[in-house]
Amino acid sequence: MYLLLAAHQDGAAIQRISPSGKPTSDARPVTKGELPGVVRELELQRPRWVWSRAQDWYPELLARGVELERCHDLALCGSILANSALTAHTEYAKNAEKLVQDDDTTPARALQPPPPPSTQGALFEDIKPVVAGVVELRNEFAAQQAALADVDDADLSKRLQLLLAAESAGAIIAVEMQHAGVPWREELHEQILTEALGPRPPLGHRPPALEALCNELRHMLNSPALNPDSPQDLMRALHRNGIEVKSTRKWELQQSGHPAIQPLLAYKQLSRLHTANGWTWLDTWVRDGRFHPEYVVGGVVSGRWASRGGGALQIPRNIRAAVHAEPGHKLIVADASQLEPRVLVALAQDTKMAEAARDKDLYAGIAAQGFGGDRQKAKVALLGAIYGATTGESGRLMPQLARTYPRAVGFVEQAAREGEAGRTVTTRLGRSSPAPSLGWLRSQQSTTAEEQRRADTIARSRGRFTRNFVVQGSAAEWAACWLAELRRRLRTFRAEGRPSGELVFFLHDEVMVHAADDAVEACVEAIREAADAAKELMFGRIPVEFPVSIAVVDSYDKAK
DNA sequence: AAAGCACGCGCG
DNA sequence: AAAGCGCGCGTGCTTT
């Protein structure tokens, strides 16, 4: 059953609709205050909630203690359907195309783009539903369902439906994880900061350790006014001292043996800790022992999630000790091992590489088959194939890899050719890469030799993008299915009154579950089962393993 | 003074 | 040791 939840005057309206989007009841107006109660009541019928975006409604509902099982996120699904090659022939895609301005690269969207970044601390106050009433949303849903029905190939149609379901589940999970937050022990974080930087300085001042290093650098580089935070300033000072670097990047500085390099690198490292994850970050993003980032589902064209605020997807290793389970609980950190290479194996149906992928360590398997047992070489070669490396060691290893695995390498090469020619590519479940911009197309019609060279560079760059898109995007789909399957199992535990865990973090190919001690075993099992289920949902029964490495730990730094 | 860009570095 | 893909964000610096 589908229940439409739309904006209506100051509150909302709820209407039953059929799978094709026809109303099967009158729209019921509900005030803001009544909404949680009404939705909770209706949820007992296990509907699929159809709404503009999960972000518009679900944070508020969750804050009132209302959890929902499933939804259809019109904005996310619309964006997929408007771009997918599988629905390119439909009215839906053709209408969406008209909405795209022809002078930029904005992806087609059936509804409004996401709201501007909300200011921190206002996660639940600031969000206003998009101005979209019952009729508008119902029509949108009907149009999306019609587009789905227009996909003739039953297999492809099923995949696309799976993608929309997984994406919508992701939207729900993202809001729930945002609500739950990552368990964060502030005093452990502060301890790390104080040990590395000294006591907290007044606002706008360097902490003692940075101050000392800065003075040391000024002295060693004979530059009394040096600001090491200014690349220009720093570069001039280095040059004055005969350190001939072309940039101030860490790896380039490491080439030099000058005695000032060591304190400089130390300064850079500590400065990073202070500015990106120091006391200010802690004040801003951690409340009541939880880090509450905002996840942006569909924030990356490939289908990966992005995040907004607090750098949720970049929790650096050196502060992970502060991510700590609550008393009587554990963190279960699960990681899909070598996900992208395994997805490539499944996509390309490379039986030879599948043999290697039967091993828990895929790189070791590949090393044994084609690289004389050299695991590092095998890894560099394979990642190079997925990213489109042309130079360096990775580039040199490509022919060797192609000889051993013509199908897998051929698959990514084909994706690269498509991109270079200005065509789009499509993931396993049907998410397509954006079409090239008009500017791109224009660049390819160059005449002079100089223009031609530039055009080739741009074309190859797009080829690397599409090459990676199919693999990264399909891997993101696997991860979305994994996450959705895991959530379903955790909810079942709870519904049956058994101990369960809560999803608290997700990062591309990694999930974190916070669970009471007596729930750990079941959660671990659920994580593994969900991974198997995700594989089968996406690829059916294939002889490729998607092993998950799981660490049960007190703190995040102990995982891996 | 605000907005936008380049750099550099964190994560997968 | 970096390279080839995808991101967010703080800082300095330039443009508006």
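Between A/Glu393 and A/Lys377 no salt bridge is recorded (no basic side-chain N to carboxylate O distance below 4.0 Å). With respect to the salt-bridge test (charged N to carboxylate O, under 4.0 angstrom), the residues A/Glu545 and A/Lys360 do not qualify. Salt bridge absent: A/Asp509 and A/Arg304 never bring a charged side-chain N and a carboxylate O closer than 4.0 Å. Note on A/Asp557 versus A/Arg317: no salt bridge recorded, every NZ/NE/NH1/NH2 to OD/OE distance being 4.0 Å or above.
If you check every strand for non-hydrogen atoms under 4.0 Å, A/Leu339 touches nothing. Using a 4.0 Å heavy-atom cutoff across all strands shown, A/Gly299 reaches no nucleic acid atom at all. Using a 4.0 Å heavy-atom criterion, one finds that A/Val380 contacts the bases of the nucleic acid, with or without backbone contacts as well. Contacts of A/Phe469 with the nucleic acid, taken as non-hydrogen atoms under 4.0 Å apart, are absent. Note on A/Ser271: nothing from the nucleic acid sits closer than 4.0 angstrom, heavy atoms only. Within the 4.0 angstrom heavy-atom criterion, base atoms lie near A/Glu393. As judged by a 4.0 angstrom heavy-atom cut-off over every strand, A/Ser394 is placed among the base-contacting residues.
Evaluation of atom-type donor-acceptor distances gives no pair under 3.5 Å for the side chain of A/Gln472 against the base of C/dG6. With hydrogens and angles ignored, a donor-acceptor pair closer than 3.5 Å exists between the side chain of A/Arg272 and the base of B/dC9.
A close approach under 4.0 Å does occur between a side-chain nitrogen or oxygen of A/Lys250 and OP1 or OP2 of B/dG10. A/Lys560 has a side-chain polar atom (N or O) that falls below the 4.0 Å cut-off from OP1 or OP2 of B/dG12. OP1 and OP2 of C/dC5 both lie 4.0 Å or more from every side-chain N or O belonging to A/Arg460. Checking the phosphate oxygens (OP1, OP2) of B/dG8, a side-chain nitrogen or oxygen of A/Thr248 falls inside 4.0 Å. Contact check, A/Thr391 against C/dG4: a side-chain N or O comes under 4.0 Å of OP1 or OP2. Side-chain N/O atoms of A/Asn227 include one lying less than 4.0 angstrom from OP1 or OP2 on C/dG12. A close approach under 4.0 Å does occur between a side-chain nitrogen or oxygen of A/Lys268 and OP1 or OP2 of B/dC9.
One can place NZ of A/Lys377 at 20 Å from P of C/dA3, the figure rounded to the nearest angstrom. When rounded to the nearest whole Å, the span between CZ of A/Arg467 and P of C/dG4 equals 12 Å. Look at CZ on A/Arg304: it is 13 Å from P on C/dC5, rounded to the nearest Å. Here C/dC7 presents its C1' atom at 14 Å from CG of A/Asp509, a figure rounded to the nearest Å. Between the P atom of B/dC7 and the CZ atom of A/Arg236 lies a distance of 15 Å, rounded to the nearest Å.
Nearest-nucleotide assignment on DNA chain C puts the 5′-proximal partner with A/Tyr387, out of A/Ser307 and A/Tyr387. Both A/Gly395 and A/Val300 lie near DNA chain C, and the one whose nearest nucleotide falls closer to the 5' end is A/Gly395.
In the set B/dG10, B/dG12, C/dC13, the nucleotide with an atom closest to the side chain of A/Glu510 is B/dG12.
Between A/Pro59 and A/Ala54, the closest heavy-atom pair is CD-O, 3.4 Å.
Using cut-offs of 30° and 60° for the angle between ring planes, the A/Trp305 and A/Phe506 rings count as perpendicular.
Anti is the conformation of C/dG10, whose glycosidic angle sits further than 90° from 0.
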